[in-house]
Protein chains: 2
Amino acid sequence: MSSRVPQDRRRRRPTRSGVLLSEDLIVQTALRLIGEHGPEALSVRRLGAALGCDPTALYRYFHDTDDLVLAIADRIIGDAMAGFVPGEDWVASLREMALRVRAGYLAHPRAAAMAAHRVTRRRSEIQAVDTGIGLLLSAGFERAAAARLYLAFIDTVLSHAATDAAFQALPRQQREADHRAWRDVYQDLDPVAYPALTAVRRELPGMADGSFEEAVDLLLEALAARAPARRASTGGSSPG
Amino acid sequence: MSSRVPQDRRRRRPTRSGVLLSEDLIVQTALRLIGEHGPEALSVRRLGAALGCDPTALYRYFHDTDDLVLAIADRIIGDAMAGFVPGEDWVASLREMALRVRAGYLAHPRAAAMAAHRVTRRRSEIQAVDTGIGLLLSAGFERAAAARLYLAFIDTVLSHAATDAAFQALPRQQREADHRAWRDVYQDLDPVAYPALTAVRRELPGMADGSFEEAVDLLLEALAARAPARRASTGGSSPG
DNA sequence: CACATTGGGTCAACCCTGTTGACGTAAGGC
DNA sequence: GCCTTACGTCAACAGGGTTGACCCAATGTG
């Protein structure tokens, strides 16, 4: 196996073009590459070219490409929730959490698409779960309900965000083809076979834009309707 | 451009090994391949080998690999929705659609994990969309609302199902590790740093079972609350 | 200051992938 | 029977990840 990655890194050699490699620089350059030239631009060879080093030099820093992707994912999670402070309005706070997660994913779609379905168990995730459940407790839900409903909420948010990220992570041709599908294919259907689609034909092009916020709002409406306490509380209640 | 795929297929030549190719056989073999050896086992060359034909023969049936993936996705949808007839209770019908989709994904977890986020723009998908929007129209929603809300509903269902499928598609070790880790890590936390998690500590193990139905129920509650026509789930009244 | 050690950048090579153009054969309509 | 052409086959290309070997220079040691 490749134990090309050492734990303690002491010696640094500049590459042929004079750049001093580091794990941080590589992750940063990878994110820039994705941001500028699309998700499909991330490959070992292209990353090497962008860094000004031989592609295989990266294997001195990461076991394989998956290792690199996970390192990128680490940073995404941290960036998304950085500086978030839950407010007194639990609905609004949950909503902001949802939007932050999605924004973090969409900022780096390919890495997010690859890592979205994994349980990180890191501090940022644990912190987020604690915050979210705390918000539902402050809303008056009992413990079991708070845990269960938070799971339903965050799973939906994460799944949705992953879907959006996966779409952004598609190669441009496929992405545009999927986008066009709502305009083209769904516009020219047999009215007898597909009456409902024919009826809403004019509304379909808008569907390509996604439904994240609508879904979050629906969920929050349902949660608010189920909440025992009617007002968004001042949040100071201590857990016994 | 590759117009290698004809619309009307008349002539059939057996391959060198005697197999008679067809779009149906190819999709079926691809599903088997993915189910047995994982999503990464699906390549043109391997599929050709499994079928007993030259790999490039597949380009006579599918535009490119993406086209094949979309065909696989549509087959999964078609199988899941086979025999489904929407009833008079639109909430219950949407609920059954959701459960069917999820069951279809879980029947082919690895294929679903690969194809879940795509717009197949094929028959089975179009049929399902027509059915779903028709249900919301029958509930009294206006056209734009019906289209928008159906998208939010089905996106949530598909995303959730994809998450469940992705989890099932994980290697057993990783899957069980994730499952266990949830209990272990979240049971031994600093009460001061994570008060909410500590409060609901005993409820957490149940969270590992997933939240699909809870999320669907929340969504349907919100939809029912927004519906102009008041007759929802329990009533047996027929829609005009 | 000199030396031995070794981290790590580089190169060549391997095997994988999707895809295309050319080729020829056999299947079907007439 | 012929003629057309659908379609299975083959060779080739560009690009991917990954590895083993090479060797220079940065570093700890004396």
Side-chain angles (χ1 to χ4, degrees), chain A residues 1-26 29-30 33-34 37-70 110 114 169-174 177, chain B residues 1-26 29-30 33-34 37-72 114:
Chain A
M1 255 301 102
S2 53
S3 60
R4 288 182 173 228
V5 183
Q7 39 258 41
D8 286 338
R9 203 171 284 276
R10 286 177 259 171
R11 313 192 175 182
R12 295 287 173 78
R13 277 178 68 182
T15 74
R16 162 162 275 202
S17 64
V19 182
L20 228 92
L21 291 181
S22 69
E23 184 173 319
D24 215 61
L25 177 65
I26 295 173
T29 305
L33 211 72
I34 295 171
H37 302 104
E40 60 273 11
L42 181 63
S43 78
V44 178
R45 295 173 205 262
R46 260 195 278 247
L47 184 50
L51 280 163
C53 70
D54 189 275
T56 62
L58 304 176
Y59 289 95
R60 303 287 180 194
Y61 294 83
F62 301 97
H63 272 98
D64 48 30
T65 20
D66 197 51
D67 196 21
L68 168 62
V69 168
L70 289 183
R110 194 194 192 197
M114 297 179 86
L170 285 176
R172 179 173 304 159
Q173 278 192 343
Q174 298 174 18
Chain B
M1 260 305 106
S2 53
S3 59
R4 288 181 174 229
V5 183
Q7 39 258 42
D8 287 338
R9 203 171 284 276
R10 284 176 259 171
R11 309 190 180 184
R12 295 289 172 76
R13 279 179 68 180
T15 74
R16 163 163 273 201
S17 64
V19 182
L20 233 96
L21 291 182
S22 69
E23 185 173 319
D24 217 60
L25 177 64
I26 295 173
T29 306
L33 213 77
I34 296 170
H37 304 106
E40 62 276 4
L42 182 65
S43 79
V44 178
R45 296 172 204 264
R46 257 195 280 250
L47 184 50
L51 281 163
C53 69
D54 189 275
T56 61
L58 304 175
Y59 289 95
R60 303 288 179 194
Y61 293 84
F62 298 98
H63 201 261
D64 48 29
T65 13
D66 190 54
D67 197 21
L68 171 61
V69 168
L70 293 182
I72 293 173
M114 177 183 66

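Fair warning: this is a prediction, and the values are worked out from it, not measured in the lab. Just so we're on the same page: letters track the sequence lines, and every chain starts at 1.
- One interatomic measurement links the two molecules: CG of A:L20 to P of C:dG7, which rounds to 17 Å at whole-angstrom precision.
- Nearest-nucleotide positions on DNA chain D for A:L42 and B:G52 put B:G52 closer to the 5' end.
- Between A:Y61 and C:dG9 there is a side-chain polar atom (N or O) within less than 4.0 angstrom of OP1 or OP2.
- Between the side chains of B:D24 and B:S22, no donor-acceptor pair is found at a separation under 3.5 Å.
- In this structure, B:Y59 atom OH and C:dA22 atom P are separated by 17 Å, rounded to whole Å.
- The phosphate of D:dG17 (OP1 or OP2) has no side-chain N or O of A:T65 nearer than 4.0 angstrom.
- Contact check, A:T56 against D:dT19: no side-chain N or O comes under 4.0 Å of OP1 or OP2.
- Both A:E40 and B:C53 lie near DNA chain D, and the one whose nearest nucleotide falls closer to the 5' end is B:C53.
- Distance CZ (B:R45) to C1' (D:dG15): 12 Å, rounded to an integer number of Å.
- As a whole-Å value, the separation of B:R46 CZ from C:dC15 P is 15 Å.
- When the P atom of C:dG9 is taken as reference, atom CG of A:L25 falls 11 Å away, rounded to whole Å.
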Write down the protein N/O and nucleotide N/O pairs, taken from nucleotides 22-24 of chain D, whose separation is under 3.5 Å; answer none if there are no such pairs.
unit_1: D:dC24; atom_1: O2; unit_2: A:R13; atom_2: NH1; d: 2.5

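- For A:L20 against A:L25, the heavy-atom pair with the smallest separation is O-CD2, 3.5 Å.
- The separation between B:D64 atom CG and C:dG21 atom P is 14 Å, rounded to whole Å.
- Checking D:dG8, C:dC11, C:dG18 against the side-chain heavy atoms of A:R16 singles out C:dC11 as nearest.
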